[in-house]
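To keep things clear, I will list the structure first and then write my remarks on it.
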Amino acid sequence: TQPINVILDDSNYSIWSQNKSQFLRGRMLWKYIISKELKPVQNQGETKDAYERRYKRWDADNCKIITWILNTSILSISQLLGAFDTAQEVWKFLAARYTTKVSSQYQINSDLSRMRQESGQSISSFHSQMSLLWDKQSAPSLCNNSTEIFMSIVIACVCNNF
């Protein structure tokens, strides 16, 4: 098996969540995230032992998922997750926190500000990388006056490097 090598920080939720969802799907545990495997309740007529076996299996899988999420997050993020009992609650919290327009815009802005043309990289290749981020940045759902101002600064900085 491959170790999970993408660590969630404040700027990479998209790639982390793609990686983590594939990891969970591959282990047939995605159902804990999408409400197909809920915390068990004892069914009418079910013995206490049968219920406890179901609960222990659910609890073990739920704890594995939460542990994997904690172990693939930076400390400041993992410290926020202690209040949640289920993997689904943890996932929903992270999705809500990192998929808002503001956080998406912040991530794109951060990526743009860190982007540099590598030694030996063609201008065409560098421009293609920048264009992908510019397209995301100028998407109607993210575009506002501060975004346009930021983009003009980025373009000026890039042009000054040549």
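Scope of the values below: all heavy atoms of this structure, side chains included, with no hydrogens, waters or symmetry mates.
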Quiz prompt | Side-chain heavy atoms of Tyr32 within contact of Leu29, under 4.5 Å | solution = yes
Exercise. Write down the atom of Ile34, the atom of Gln88, and the distance for their closest heavy-atom approach.
Key: C-NE2, 4.2 Å
Practice problem: Could you tell me whether the side chain of Leu8 reaches within less than 4.5 Å of the side chain of Ile74, counting heavy atoms only? | Solution: no
Quiz item: Can you pull the side-chain hydrogen bond (donor to acceptor under 3.5 Å, both in side chains) pairs that have at least one residue in residues 36-51, sequence neighbours excluded?
Solution: Glu46-Arg54
Quiz item: With a 4.5 Å heavy-atom cut-off, do Lys20 and Tyr13 have their side chains touching?
Solution: no
Quiz item: Restricting to pairs with a member in residues 58-75, which pass salt bridge (Lys or Arg N to Asp or Glu O under 4.0 Å), not counting sequence neighbours?
Solution: Asp61-Lys64
Quiz item: Does any non-hydrogen side-chain atom of Tyr98 lie less than 4.5 Å from one of Asp10?
Solution: yes
Quiz item: Who passes side chain to side chain donor-acceptor pair (under 3.5 Å) against Arg25, sequence neighbours left out?
Solution: Ser21
Quiz prompt | Exercise: identify the closest heavy-atom pair between Ile65 and Ala87 | solution = CG2-CB, 3.4 Å
Quiz item: Just how far is it from atom CG of Asn62 to atom CD1 of Ile33, taken to the nearest 0.5 Å?
Solution: 8.0 Å
Exercise. Under the side chain to side chain contact (heavy atoms under 4.5 Å, CB included) rule, what do Thr86 and Trp58 come out as? Steps first, then yes or no, please.
Key: CA-CA 10 Å; Thr86 68; Trp58 176 88; 4.0 Å; yes
Quiz item: Do Leu94 and Ile77 touch side chain to side chain, with heavy atoms closer than 4.5 Å?
Solution: yes
Quiz item: Do Val41 and Tyr55 touch side chain to side chain, with heavy atoms closer than 4.5 Å?
Solution: no
Exercise. Hey, could you give me each pair passing salt bridge (Lys or Arg N to Asp or Glu O under 4.0 Å) that has a residue in residues 123-132? Not counting sequence neighbours.
Key: none
Exercise. Taking ring pair (Phe, Tyr, Trp, His ring centres under 6.0 Å) as the test, write out the residues that go with Trp91, two or more places apart.
Key: Trp16, Trp30
Quiz prompt | Pair listing, salt bridge (Lys or Arg N to Asp or Glu O under 4.0 Å) test, anchored in residues 118-130, at least two apart | solution = none
Quiz item: Of the non-hydrogen atoms in Leu80 and Phe93, which two are nearest, and what is the gap between them?
Solution: CB-CE2, 4.1 Å
Self-check item: Closest non-hydrogen atom pair between Gln117 and Phe126, with its separation
Solution: N-CE1, 3.3 Å
Quiz item: Got a second to check how far Asp9's CG is from Leu75's CG, nearest 0.5 Å?
Solution: 13.0 Å
Self-check item: Side-chain touch Ser35/Leu38, heavy atoms, less than 4.5 angstrom
Solution: yes
Quiz prompt | Distance in Å, Asn19 CG paired with Asn5 CG, rounded so as to fall on 0.5 Å steps | solution = 6.5 Å
Quiz item: How close do Thr72 and Trp68 get, heavy atom to heavy atom, and via which atoms?
Solution: OG1-O, 2.8 Å
Exercise. For the pair Ser125 (side chain) and Gln121 (backbone), establish whether a donor and an acceptor sit closer than 3.5 Å, ignoring hydrogens and angles.
Key: no
Practice problem: Provide the closest heavy-atom pair for Ile66 versus Asp85 in the form atom of the first, atom of the second, distance. | Solution: CD1-O, 3.8 Å
